[in-house]
Enquirer: 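Take a look at the following structure, please.
Residue numbering restarts at 1 for every chain, and letters A, B, ... go by the order of the sequence lines.
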2 protein chains.
Amino acid sequence: MILNTPSNRRKRGAQPADIAAGLQSDIVSGTLTAGQVLQQDRIAAQFGVSRMPVREALALLAARGLVDLTANRSARVAALTREDLIDIFDLRVAAETLAIRLALPQITNAQIDRAAALQAQIKASDVARFATLNSQFHQVLYAPCARPRLIAHIAQLALAADRYLRAIHAVFDYGDKSNLEHHALLSACHARDEAAAVACLERHITAARDVLADRMAQQD
Amino acid sequence: MILNTPSNRRKRGAQPADIAAGLQSDIVSGTLTAGQVLQQDRIAAQFGVSRMPVREALALLAARGLVDLTANRSARVAALTREDLIDIFDLRVAAETLAIRLALPQITNAQIDRAAALQAQIKASDVARFATLNSQFHQVLYAPCARPRLIAHIAQLALAADRYLRAIHAVFDYGDKSNLEHHALLSACHARDEAAAVACLERHITAARDVLADRMAQQD
DNA sequence: ATATCAAGCATTGGATACAATTTACTTCTT
DNA sequence: AAGAAGTAAATTGTATCCAATGCTTGATAT
């Protein structure tokens with residue numbers, strides 16, 4: 001139980017963001033499962049605050065698509081469906097191929113090396129760290145495009161995608177394949193080969209989509 | 001001044017959405033200009049409610065990118081910049097070309113006719129109605145793809161784009177060109193020619209981007 | 001046995017009250 | 001006169017309180 005004692009109290013406008021971050025990590029990691037009710041009272045008690053900042057936190061999570069809000073009804077953790085999964089990954093292809101096209105002319109070798117270093121960590125990481133490191137790897141490559149909206153959109157999609165990755169436990173199935181694809185992407189970036197990078201990225205994301213979609217079809 | 005008398009009071013959870021809709025139309029139409037401060041007290045008084053639903057409304061608008069929120073500081077109407085404009089329109093190309101590709105195999109002739117009817121109205125409409133009709137025209141063509149996230153994302157981008165359209169008053173410059181492009185798009189849809197529709201849409205949105213970006217460069 | 005309705009309980013939405021932070025203004029110093 | 005510092009006013013963030021809505025349970029009728 002996290003209490004709001006004077007020692008660990010955050011600055012005045014930071015509580016909703018903190019609560020949202022806490023809930024978000026529980027939702028993405030699967031501690032809070034799809035469809036679970038999120039009562040304002042209980043969350044408020046958990047974080048040692050009143051219901052007011054909790055309501056704002058839930059609104060933030062609803063904007064990120066992690067929570068479903070209905071008027072006069074308890075909030076619920078958003079559902080995971082095969083249709084939504086496909087929706088997310090197709091949006092990722094559209095957004096991330098745009099980002100890599102815009103980023104490639106601006107990217108430096110140092111930035112590519114940073115991505116390569118992250119990829120090295122990914123190889124020797126467990127399931128929990130895979131998702132975040134994988135997101136970081138991609139975002140390092142896109143950052144040079146300097147498009148705030150595009151970057152924010154990709155980050156939001158990565159969050160939604162991570163939920164599926166963690167929930168479906170398909171990481172091991174396509175982990176090796178993903179590593180190979182990351183290396184191919186890095187090569188294309190080094191060569192500043194836009195067409196190759198775009199094609200590589202599209203295959204990479206589509207492959208993940210198909211593996212996960214197949215797994216979901218089995219589980220249902 | 002809109003009062004919250006029993007006669008026009010909305011249902012219990014609807015106030016934030018109503019307030020957000022009111023503010024949104026003022027922001028998009030330009031009644032509220034970029035950078036303008038939005039004090040919770042005043043808005044609450046205007047709508048005849050307390051500050052609480054106003055805060056939620058502002059949070060909604062912040063999620064849509066129409067308002068900037070900073071902790072302990074007054075909300076402000078989001079700025080209009082040339083960089084953001086380009087960001088938005090490039091995202092539109094990525095999202096809308098995906099939508100038309102997914103929609104084309106599903107679309108019916110009746111739906112295409114509905115879009116054509118909207119296009120006819122656009123020709124004989126003033127500046128204020130152009131933006132909304134134009135958005136509707138596009139969304140009718142995309143709807144058959146049946147992708148909730150994609151559709152919502154496009155709607156949000158259309159909103160952001162409308163602000164620039166109305167603020168920059170460049171509608172008349174490219175209105176005729178836009179009409180021609182809409183007809184070309186409709187033809188491609190009738191023929192179920194995916195490549196033509198995508199190319200047409202990309203040119204259409206990019207052309208609008210360039211006209212508006214040029215105008216902004218002049219105004220600054 | 002099942003469906004329907006009512007009453008009480010649980011939970012959310014909104015108003016009011018208070019605390020913390022920022023902004024504006026005044027005053028003092030150089 | 002310009003700038004710094006301090007103080008008061010304005011404004012936001014959080015807590016508490018009340019009203020409205022939804023949910024659950026149990027009784028009743030079919």
Enquirer: Would you say the side chain of A/Phe89 lies within less than 4.5 Å of the side chain of A/Thr206, judging by non-hydrogen atoms?
Expert: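 When only atoms from C-beta onward are counted, A/Phe89 and A/Thr206 do not touch, as no gap falls below 4.5 Å.
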Enquirer: Rounding to an integer number of Å, can you tell me how far B/Phe47 CZ sits from C/dG14 C1'?
Expert: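 Taking atom C1' of C/dG14 as the reference, CZ of B/Phe47 is at 16 Å.
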Enquirer: Less than 4.5 Å apart, any side-chain heavy atom of A/His138 and any of A/His182?
Expert: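 Yes, at least one pair of side-chain atoms sits under 4.5 Å.
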Enquirer: Give the rounded distance in Å between these two atoms: CG of B/Leu69 and C1' of D/dT11.
Expert: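 The answer, rounded to whole Å, is 14 Å.
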Enquirer: Specify the separation, in whole Å, of atom CG of B/Asp41 and atom C1' of C/dT23.
Expert: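 Spelled out: CG on B/Asp41 to C1' on C/dT23 is 15 Å.
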Enquirer: Strictly below 4.0 Å: does A/Gln39 bring a side-chain N or O up to OP1 or OP2 of C/dT12?
Expert: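 It does not, given that no N or O in the side chain of A/Gln39 lies less than 4.0 Å from OP1 or OP2 of C/dT12.
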Enquirer: Please name the residue in the list A/Val140, A/Ile112, A/Leu102, A/Ile100 that meets the side chain to side chain contact (heavy atoms under 4.5 Å, CB included) test with A/Ile107.
Expert: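 With A/Ile107 as partner, A/Val140, A/Ile112, A/Leu102, A/Ile100 yield a single side chain to side chain contact (heavy atoms under 4.5 Å, CB included), made by A/Ile112.
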Enquirer: Rounded to the nearest angstrom, tell me the gap between atom CD in B/Glu56 and atom P in D/dT14.
Expert: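 It works out to 13 Å between those atoms.
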Enquirer: What nitrogen or oxygen pairs link the protein and nucleotides 18-25 of chain D at under 3.5 Å?
Expert:
| from | atom 1 | to | atom 2 | distance (Å) |
| --- | --- | --- | --- | --- |
| D/dA20 | O4' | B/Arg12 | NH1 | 3.4 |

Enquirer: Please check the phosphate of C/dT22 (OP1 and OP2 only) for any side-chain N or O of B/Ser74 closer than 4.0 Å.
Expert: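 The answer is no; no side-chain N or O of B/Ser74 sits under 4.0 Å from OP1 or OP2.
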Enquirer: Looking at B/Arg114, I'd like to know if its CZ atom is crowded, meaning that more than 12 non-hydrogen atoms belonging to other residues, nucleotides or ligands lie closer than 6.0 Å.
Expert: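 No, because the 6.0 Å sphere around CZ of B/Arg114 holds 12 heavy atoms or fewer from other groups.
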Enquirer: Which whole-number value in Å describes the distance from A/Met52 CE to C/dG14 P?
Expert: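 Result: 11 Å.
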Enquirer: Quick one: B/Gln40 CD to C/dT16 P, roughly how many Å, whole number?
Expert: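 For the pair B/Gln40 CD and C/dT16 P, the rounded distance is 15 Å.
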Enquirer: When the distance from CZ of A/Arg55 to P of C/dT11 is rounded to whole Å, what number comes out?
Expert: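 Spelled out: CZ on A/Arg55 to P on C/dT11 is 15 Å.
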Enquirer: Working to the nearest 0.5 angstrom, can you tell me the gap between A/Cys189 SG and A/Leu104 CG?
Expert: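 These two atoms lie 5.0 Å from each other.
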Enquirer: Using the rule side chain to side chain contact (heavy atoms under 4.5 Å, CB included), only one of B/Leu98, B/Thr97, B/Leu185 pairs with B/Val198; which is it?
Expert: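 Only one option passes, and that is B/Thr97.
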